[in-house]
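Only one structure is covered here, and it is reproduced in the block below.
As the structure is a computational prediction, the values presented were derived from the model and not from experiment.
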Amino acid sequence: MTSVAEKFVGIDVGKDWLDIAIWEHDETWQVSNDAAGVEQLLDWMVDWQPELVVLEATAGYEQMAAQELLLSGFAVAIANPTRVRALAKASGKLAKTDRIDAHLIAEFAAKMQPAPMEPRDELEMRLRALVSRRAQLVDMRTAESNRRGMAHGSMRADIQEHIDWINERLEALEAEIRKLFESLPAWQEKYALLNSIPGVGFITAITILAELPELGQLNRQKIAALAGLAPFNRDSGKMRGKRRIFGGRKEVRRVLYMACMSAKKHNPVIRKFFNRLEGNGKIFKVAITACMRKMLTIINAMIRDMQPWQAPILVAA
């Protein structure tokens with residue numbers, strides 16, 4: 001395959017296939033979404049030497065290709081499908097196929113140039129995979145616990161057996177996470193900072209570090225938006241709609257919620273903030289979301305300045 005001059009590559013991700021397009025290039029290419037296909041993709045990238053490769057987030061099916069591209073030294077970004085479709089609608093491009101989507105993602109890469117992901121080594125990627133798997137098992141346990149209460153009596157023992165198995169797997173995963181964490185000195189320093197916050201435990205800290213590698217590199221508005229904790233206006237003319245949060249990184253919000261449930265009792269800063277919001281008439285959901293956003297802002301400032309939990313940071317945040 002001959003080299004090309006264009007610099008922006010878009011990849012539409014499916015369970016079985018990757019469709020690849022280059023900005024302002026008519027052709028598209030397709031490889032299987034497995035080890036052999038990704039190896040072929042890497043060979044092409046060596047020829048093309050793109051400035052940026054953008055993959056559309058697709059239920060985790062993009063992770064293998066994204067991680068291998070990162071390990072090979074390419075600039076890679078994961079795009080929110082909603083933003084790609086918004087660009088398509090604004091351009092009047094309403095047709096949708098895998099090949100068309102690949103070209104749209106390449107156009108998104110060229111016009112929007114999203115910030116590339118931070119390079120990670122294999123151990124960091126393995127740790128992130130373990131954290132993600134743990135979150136999946138927690139979801140499974142919650143679903144099974146809900147089913148147990150409504151299940152026929154003859155099925156409850158079977159459901160409980162599955163819950164017990166999930167609990168065993170969670171213990172094994174957490175042990176593996178701790179062991180792998182010990183081999184990452186850079187993470188240990190950041191973890192020590194997060195662990196100094198009343199209400200933040202090991203799993204919360206590790207999940208935030210794994211899912212938000214941008215910590216300390218963005219301002220508080222951008223880091224809140226990235227986590228899906230920035231309220232967006234819904235106004236039109238004289239109408240003032242409710243501010244809502246959406247999108248972002250679900251696992252970060254999940255662990256921040258649990259941390260703030262503890263922090264509103266045991267962390268003096270978050271407790272005072274939560275009580276003030278409730279005293280002003282804010283409903284619980286609004287108050288706890290604001291606490292999550294405040295805690296994330298503080299964490300971001302701590303990582304940026306590499307300073308533990310202390311008053312000057314709280315004021316600055």
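- No side-chain donor-acceptor contact under 3.5 Å links E107 to the backbone of H103.
- For the pair L18 and S32, the tightest heavy-atom approach, listed with the atom from each and the gap, is CD1-O, 4.5 Å.
- V286 and L277 fall into different hydrophobic clusters, where Ile, Leu, Val, Met, Phe, Trp and Tyr are joined by side-chain heavy atoms under 4.5 Å apart, directly or via other members.
- For the atom pair I303 CD1 and L209 CG, the distance stands at 6.0 Å (nearest 0.5 Å).
- Across all their heavy atoms, I78 and A66 have their closest contact at CD1-CB, 3.9 Å.
- Side-chain atoms of R253 come within 3.5 Å of backbone atoms of A227 as a donor-acceptor pair (strictly under, hydrogens ignored).
- Within the 3.5 Å criterion, the main-chain N or O of G14 finds a donor-acceptor partner in the side chain of N33.
- In this structure, R83 fails the cation-pi test against F108, since its NZ or CZ atom is not both closer than 6.0 Å to the six-membered ring centre and inside 45 degrees of the ring normal.
- When the options D12, L104, D19, I20 are evaluated for a side-chain contact (heavy atoms from CB on, under 4.5 Å) with R99, the one that passes is D19.
- With 3.5 Å as the limit, one finds no donor-acceptor pair spanning the side chains of W29 and Q40.
- Note on L218: it clusters hydrophobically with L215, by side-chain heavy-atom contacts below 4.5 Å among ILVMFWY residues.
- No donor-acceptor distance shorter than 3.5 angstrom exists from the side chain of T142 to the backbone of M140, with no hydrogens or angles considered.
- Residues R134 and E174 meet the side-chain proximity criterion, which asks for heavy atoms closer than 4.5 Å.
- For the residue pair Q160 / D164, a side-chain donor-acceptor distance below 3.5 Å is found, with atom types taken as modelled.
- Between the side chain of N280 and the backbone N or O of K282, no donor-acceptor pair lies under 3.5 Å.
- Shown here for V9 and M45, the closest heavy-atom pair between the two residues is CG1-CE, 3.6 Å.
- Between atom CG of residue L180 and atom OG of residue S183 there is a gap of 4.5 Å, rounded to the nearest 0.5 Å.
- Side chain of N195 to main chain of Y191: no donor-acceptor pair is present (N/O by atom type, distance under 3.5 Å, no hydrogens or angles).
- Side chains of T207 and V252 form no contact here, defined as non-hydrogen atoms less than 4.5 Å apart.
- Between L229 and L296 the shortest heavy-atom distance is CD1-CD2, 4.1 Å.
- A donor-acceptor pair is defined here as one N or O able to donate and one able to accept, closer than 3.5 Å; no such pair exists between the side chain of T58 and the backbone of Y61.
- Closest approach of E251 and R254 over heavy atoms only: OE1-NE, 2.8 Å.
- Of all non-hydrogen atoms in K111 and W23, the two that sit nearest each other are CE-CH2, 3.9 Å.
- Under the 4.5 Å side-chain heavy-atom criterion for Ile, Leu, Val, Met, Phe, Trp and Tyr, M292 and F273 are members of distinct hydrophobic clusters.
- Remark: the N300 side chain and the R220 side chain contain no N/O donor-acceptor pair separated by less than 3.5 Å.
- Panel note: side chain D305, backbone Q307; no donor-acceptor pair is recorded below 3.5 Å.
- A side-chain donor-acceptor contact under 3.5 Å links S196 to the backbone of L193.
- Salt bridge annotation for R141-E144: absent, with no cationic side-chain nitrogen under 4.0 angstrom from a carboxylate oxygen.
- Remark: the backbone N or O of V46 is paired with a side-chain donor or acceptor of Q49 at under 3.5 angstrom.
- The pair K179-E182 fails the salt-bridge criterion, with no side-chain N (NZ, NE, NH1 or NH2) lying under 4.0 Å from an Asp/Glu carboxylate O.
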